[in-house]
Protein chains: 2
Amino acid sequence: MTLKQKRDAAPAIGFSPLYQQVKSVLLQRLVDGVWVPGSLLPSEIQLAAEIGVSQGTVRKALDELAAENLLVRRQGRGTFVAEHDERRILFQFFKLVPDHGERRFPESAVLNVTVAPADAEESAALAIEPAAGVIRIRRLRALDGRPLILETLSLPQKVFAGLDRAEIPNNLYSLFASRYGITIARARERLKAVALSADDAAALSVATGTPALRIDRIALALDGMPVERRLSLCLTEEAHYLSDLR
Amino acid sequence: MTLKQKRDAAPAIGFSPLYQQVKSVLLQRLVDGVWVPGSLLPSEIQLAAEIGVSQGTVRKALDELAAENLLVRRQGRGTFVAEHDERRILFQFFKLVPDHGERRFPESAVLNVTVAPADAEESAALAIEPAAGVIRIRRLRALDGRPLILETLSLPQKVFAGLDRAEIPNNLYSLFASRYGITIARARERLKAVALSADDAAALSVATGTPALRIDRIALALDGMPVERRLSLCLTEEAHYLSDLR
DNA sequence: GAGTGGTCTAGACCACGAA
DNA sequence: TCGTGGTCTAGACCACTCA
């Protein structure tokens, strides 16, 4: 039975436009890993024939997924599953930019990796049971050799089982995708200005009480589940957080 | 001569899709005040006939303008020019939200209004000549009676001639639109964590050196010209800046 | 019921990239 | 030269609003 027939058969209950249903079907394939990052999707015409709708309807679904940065469309080549390459992360997920000079990635040094029961904040942020296991990664990130960000990541152990310290790369999201089949689709950040504690200040090589930007990020997978909590303390003497309102 | 004929006549030089040209035409009418905020646009069919393209092409242009929050489309009613009502500002341009409780507007108290030659920062931010006149508005904004934001606005005097202290409302952007015909289309914010100076701390009723979130906003009009610079110092003990990454 | 925007279709042609 | 996505058109029908 085609999608259109399904809709027409029961128009009263939970009606939604065809292209939205097509979008859900395609999204589910991304979630299920039928199409992995970097791979080429079938052409619009093939998808339309397979799903049983017109090319225009498939196009509208694909366009929306592309607008959400989940797909990349290239004229003459085809439609691809978006990858978490450096450039994408840099512009979509990394908002701290130097006051002067180019936007670029900081180097990372892992300080320690521990596994522990989730505290109250973590279980709330990650929507996991109280005291469920979390992997905590603490790392220091620097630009031009100057410590800039002290970062504490909390990952649900259930999702990222077997994550080893040795394999933690600078770009974590591409590891999530390649090793665990998890695509980070979007994130929510809450920012505050705080005074650094003695320990945090020492790690960043500044004086206790130095003002820092505290970023509390929760990153969501394709299916909307929170899969990462990231607490960052950023020095903003020579950098700033860039937010475009439109 | 219709748009399509124009394009076909000279396809080599500066080709752009028809719907983009239509979009430019419509945008120009917004800039020129042909259609003011809140007013009803002609129907898609009327616009298509007038401009000389198909309804689908007009639709694509209208959809993009709606996606940029410049128009509001309502099924069964028509397409309207977006207004800077409280709700829109609250969600599009006001990112500081209480940690607990509902997102809401702070009350404002104007501390002083002065006119002075622009300093280097202002002339750069507003793209005006060095020492051109700017209106500076300093105000204190509070939630539930607690001072939260100390704000300094810089407006080019040329654009906002005759702005009087008595007429400064809490919602400035609707005044910009109604009195000066200027629509704020988008803004760029740069955030830093700073320690409050003695003066600023006193204005906010906190101790000198208290960490605060410093937001440097440049707001752009429909035509892309910067028309407002806003420097905010925000206390983030019980509130945070919310940023959605997607 | 008339008019609006929203969806869906079918088909034509264009611009682009790669073989 | 071929296949891809991008644009444009024309027309049908649907859902919503309001008189």
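Since the structure is predicted, the reported quantities are computational estimates derived from the model, not experimental observations. In what follows, chains are A, B, ... by sequence order, proteins preceding strands, each numbered from 1.
- Atom CG in A/Leu71 sits about 11 Å away from atom P in D/dG6, given to the nearest Å.
- Side-chain contact check for A/Glu50 versus A/Leu47: some heavy-atom pair is nearer than 4.5 Å.
- Note: CZ (A/Phe80) to P (D/dT4) measures 11 Å, nearest angstrom.
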Under 3.5 Å, N/O pairs linking protein and nucleotides 2-5 of chain C:
{"from": "C/dG3", "atom 1": "N2", "to": "B/Gly76", "atom 2": "O", "distance (Å)": "3.1"}
{"from": "C/dT4", "atom 1": "O2", "to": "B/Gly76", "atom 2": "N", "distance (Å)": "3.1"}
{"from": "C/dG5", "atom 1": "OP1", "to": "B/Thr79", "atom 2": "OG1", "distance (Å)": "3.3"}
{"from": "C/dG5", "atom 1": "OP2", "to": "B/Glu44", "atom 2": "N", "distance (Å)": "3.0"}
{"from": "C/dG5", "atom 1": "N2", "to": "B/Gln75", "atom 2": "NE2", "distance (Å)": "3.0"}

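- Partners of A/Arg190 by side-chain hydrogen bond (donor to acceptor under 3.5 Å, both in side chains), not counting sequence neighbours, listed by chain and number: B/His240.
- Residues that satisfy the ring-ring contact (aromatic ring centres under 6.0 Å, His included) test with A/Phe94, not counting sequence neighbours, are A/Phe105.
- A sub-4.0 Å separation between OP1 or OP2 of C/dT7 and a side-chain N or O of A/Lys60 is present.
- Computed from coordinates, the B/Gln20 CD to D/dC8 P distance equals 9 Å when rounded to whole Å.
- Listed nucleotides: D/dT9, D/dG6, C/dA10. Nearest to the side chain of A/Ser54: C/dA10.
- Considering only residues two or more places apart in sequence or on other chains, A/Tyr173 meets the ring-ring contact (aromatic ring centres under 6.0 Å, His included) condition with A/His84, A/Phe93, A/Phe176.
- When the C1' atom of D/dT7 is taken as reference, atom CG of A/Asp63 falls 11 Å away, rounded to whole Å.
- Nucleotide C/dC8 holds its P atom 11 Å from the CD atom of A/Glu64, rounded to whole Å.
- Remark: B/Val159 engages B/Pro156, B/Ile182 in a side-chain contact (heavy atoms from CB on, under 4.5 Å) (not counting sequence neighbours).
- With rounding to whole Å, B/Leu18 atom CG is found 12 Å from D/dA10 atom P.
- Note on residues 60-72 of chain B: pairs passing side-chain hydrogen bond (donor to acceptor under 3.5 Å, both in side chains), not counting sequence neighbours, are B/Lys23-B/Glu64, B/Lys23-B/Glu68, B/Asp63-B/Arg73.
- Between C/dT9 and A/Thr57, a contact under 4.0 Å exists linking OP1 or OP2 to a side-chain N or O.
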